[in-house]
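Let me begin by presenting the structure, written as structure tokens, before commenting on it.
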Amino acid sequence: MKIFLDTADKLAIAQWAVTGLIDGVTTNPTHLAKEKKSPKELVQEICTLLPQGEISVEVTEKEPDKVYAQALKIAALHQNILVKIPCHKDYYGVIEKLVNDGIKINVTLVFTVVQALFMCKLGVVYISPFVGRWDDIDAHGGDVLFEIREMIDQYNFDTQLLAASLRSVQHVHQAILAGADAATLPIAVLEQCAAHVLTDRGIAQFDADWQKLDIKQFP
Ligand code: G3P
């Protein structure tokens, strides 16, 4: 499963880039707005930080023709960019055209299996179901990951499942069990996933026992 960072925080991306764990970054207008920097420059810098990574960048235009034109411009910023487009019927035709143009598309704000199937039919690279936002309205967001996985496999689509809007370790756990092809994690969630109290306790105990030997060099 690919691990993407769900952020536009350059510092955090740089810190995690050196771990070898990160396969890319997903941004959205909210992330980019938070950074108070030219979004175009920021996107280019993020691409430089992860030269092999897949970087998703979302359109901000609303009108379909403008979305199409903007998507082409976003894709031209770097070869590793995927253009994020919301899963809305106004953009179905735009998405189809962009796929035919060879633009890699990550369809965002996907909530149902039916929406996911529609996007698979259009040949997009990723569909991004939003787990946490289902939970926000008292539904079980994780379930949709399992259902979409089943749908993709049943019809043998090439589209990959990217679990998004993950807010907890439990959400990431569900994404793994559902067989998501990728998961995008906010930095805080990634930190939580990487940490375990028993790992820390074990390291401390091994170290304490080792110190009792008072050995200066090993091996
Ligand atoms: O990747 C989409 C993600 O950023 C949305 O997350 O927590 O705002 O629902 P959230």
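Just follow the structure's listing: the first ligand is 1, and inside any ligand the first atom is 1.
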Q: Run the numbers for me: atoms of ligand 1, each under 4.0 Å from some heavy atom of Ser165, listed by number.
A: 3 (C), 5 (C), 6 (O), 7 (O), 9 (O), 10 (P)
Q: State the atoms of ligand 1, each with its element, that fall below the 4.0 Å cut-off from a heavy-atom position in His31.
A: 4 (O)
Q. Of all heavy-atom pairs between Cys87 and Gln115, which one has the smallest distance, and what is that distance?
A. O-NE2, 3.6 Å
Q) So, are Lys212 and Asp209 salt-bridged, with charged N and O less than 4.0 Å apart? A) yes
Q: For atom 3 (C) of ligand 1, grab the closest protein heavy atom and report residue, atom and distance to one decimal in Å.
A: Asp6 OD2, 3.0 Å
Q.
Do Ser165 and Arg167 make a side-chain contact, defined as non-hydrogen atoms from C-beta onward lying under 4.5 Å apart?
A. yes
Q: May I ask you to check if ligand 1 and Asn28 share an N or O to N or O distance below 3.5 Å?
A: yes
Q) What is the closest protein heavy atom to atom 2 (C) of ligand 1, and at what distance does it sit? A) Phe130 CZ, 3.2 Å
**Q.** Given Val59, Val67, Val57, the one that forms side chain to side chain contact (heavy atoms under 4.5 Å, CB included) with Val83
**A.** Val59
Q) Under 4.5 Å between any side-chain heavy atoms of Ile127 and Ile152, yes or no? A) yes
(Q) Using salt bridge (charged side-chain N to carboxylate O under 4.0 Å, His left out), reason through Lys37 and Glu45 one step at a time and then give a plain yes or no. (A) CA-CA 11 Å; Lys37 188 181 165 72; Glu45 285 170 15; 3.2 Å; yes
Q. Under 4.0 Å from ligand 1, counting heavy atoms only, is it the side chain of Thr108, its backbone, both or neither?
A. neither
Q) So is Arg167 polar-close to ligand 1, meaning N/O to N/O under 3.5 Å? A) yes
Q | Ala164 neighbourhood, listing ligand 1 atoms whose heavy-atom distance to it stays under 4.0 Å | A | 1 (O)
Q. Any side-chain heavy atom of Lys62 within less than 4.5 Å of one from Tyr91?
A. yes
**Q.** Numbering as shown, the atoms of ligand 1 that approach Arg133 to under 4.0 Å (heavy-atom distance)
**A.** 5 (C), 8 (O), 9 (O), 10 (P)
